[in-house]
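For ligands, and for the atoms within them, numbers begin at 1 and follow the listed sequence.
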Amino acid sequence: MSSADNFADKLNKLHEIISDLEDMKDCISTQDLPSAINTIKEYLKKQDLVELNIGVTGESGSGKSTFVNAFRGLGDEEEGCAKTGVVETTTEPAVYLHPKYKNVKVWDLPGIGTPNFKADEYLKMVQFERYDFFIIIASDRFRECHTQLATEIMKMKKRFYFVRSKIDLSIEAEKRKKNFDLKNTLDIIRKDCENGLRKIGIEDPVVFLIFGWEFGKYDLNVLQERMEKELPQHKRRVTQHETSNKCVACLQA
Ligand SMILES: Nc1nc2c(ncn2[C@@H]2O[C@H](COP(=O)(O)OP(=O)(O)O)[C@@H](O)[C@H]2O)c(=O)[nH]1
Ligand SMILES: [Mg+2]
């Protein structure tokens with residue numbers, strides 16, 4: 001990490017801490033030091049208990065179940081893994097626990113049927129609104145269905161990571177060309193996804209290139225590290241979302 005990145009990272013963390021403290025300011029301003037420390041400890045404990053539901057979505061066969069297994073550090077045939085295969089194997093959302101954090105649940109969602117993807121029906125079928133954060137998996141070019149999924153997530157004011165899977169297959173196909181260049185191929189794939197997401201107004205799209213079975217290869221470990229680093233942020237958004245829902249319900253009552 002460059003020193004500029006390092007500084008930006010520290011600045012972000014500082015912003016997060018300040019925003020947390022602002023939340024608690026009113027509460028602790030009237031307390032003595034030991035009580036204030038207790039309030040902060042309680043707050044951090046509560047944040048730890050917040051449940052985060054991650055929905056893994058995308059087309060049928062794009063590698064969602066394979067991703068869920070790789071993310072949890074499991075092979076495709078190990079006990080407790082998600083079923084994968086050449087035919088549709090996931091007909092209902094299936095939940096799996098994050099390997100490190102028991103309050104983080106990873107949901108392997110059924111695939112969006114192609115080519116007649118009807119967004120409304122799919123979203124209703126998988127109860128899209130019940131997830132707090134999403135991972136969209138695409139195994140090919142950026143398509144209309146990815147636009148629809150990303151747009152729905154943005155409408156709910158939630159966040160997602162975009163994963164381009166089966167990178168090994170894309171590379172194999174490109175290798176046949178005379179001027180094949182690995183870095184160039186990976187750049188083209190990444191830009192295709194980023195451009196698709198920018199077109200719908202996402203300024204800073206987060207795209208990971210993944211080869212389902214190999215952790216060290218491409219971006220799987222980068223995704224896992226980023227997810228761990230951003231967990232507190234994601235959880236804070238869940239709390240804020242719940243609070244704003246409660247406020248809306250209160251105003252509508
Ligand atoms: N070559 C390759 N095949 C993959 C990769 N990820 C998944 N697959 C295969 O693609 C097929 C569909 O994967 P699956 O995870 O069941 O897709 P899902 O329907 O989205 O859950 C299976 O045969 C997987 O073994 C990958 O990164 N590379
Ligand atoms: Mg599946």
Subject >> Arg190 atom CZ, neighbour heavy-atom count above 12 within 6.0 Å >> reply: yes

**OP:** Have a look at Lys83, Glu172, Lys64, Arg164 and point out the one with the heavy atom closest to atom 20 (O) of ligand 1.
**Re:** Lys64

Ligand 1 versus [X], non-hydrogen atoms closer than 4.0 Å: side chain, backbone, both, neither?
X: Ser165; result: neither
X: Thr66; result: both
X: Thr84; result: both

Original post:
When you look at Lys191 and Glu194, which way does the salt bridge (Lys or Arg N to Asp or Glu O under 4.0 Å) test go after all the steps?
Top reply: CA-CA 5 Å; Lys191 287 216 170 84; Glu194 289 177 350; over 6 Å; no

**OP:** With heavy atoms of Leu169 as the reference, note each atom of ligand 1 found under 4.0 Å away.
**Re:** 1 (N)

**OP:** Find all atoms of ligand 1 within a distance of less than 4.0 Å from any non-hydrogen atom belonging to Glu59, and give their numbers and elements.
**Re:** 20 (O)

Original post:
Using 30° and 60° as the class limits, which term best fits the ring planes of Phe67 and Phe71: parallel, tilted or perpendicular?
Top reply: parallel

Original post:
So is there a nitrogen or oxygen of Ser65 less than 3.5 Å from a nitrogen or oxygen in ligand 1?
Top reply: yes

Subject >> Aromatic contact, Phe134 with Phe128 (centres under 6.0 Å) >> reply: yes

Original post:
Are Phe208 and Tyr161 near enough that their ring centres are under 6.0 Å apart?
Top reply: yes

Original post:
Of all the heavy atoms in Gly61, does at least one lie under 4.0 Å from an atom in ligand 1?
Top reply: yes

Original post:
Quick one: does Ser62 get within less than 4.0 Å of ligand 1, heavy atoms only?
Top reply: yes

Original post:
Looking at Ile189, Ile210, Asp219, which hits side chain to side chain contact (heavy atoms under 4.5 Å, CB included) with Ile167?
Top reply: Ile189

Original post:
Taking atom types as modelled and ignoring hydrogens, do the side chains of Thr57 and Tyr122 form a donor-acceptor contact shorter than 3.5 angstrom?
Top reply: yes

Original post:
Looking at the Mg ion (ligand 2), is one of the N, O or S atoms of Ser60 less than 2.8 Å from it?
Top reply: no

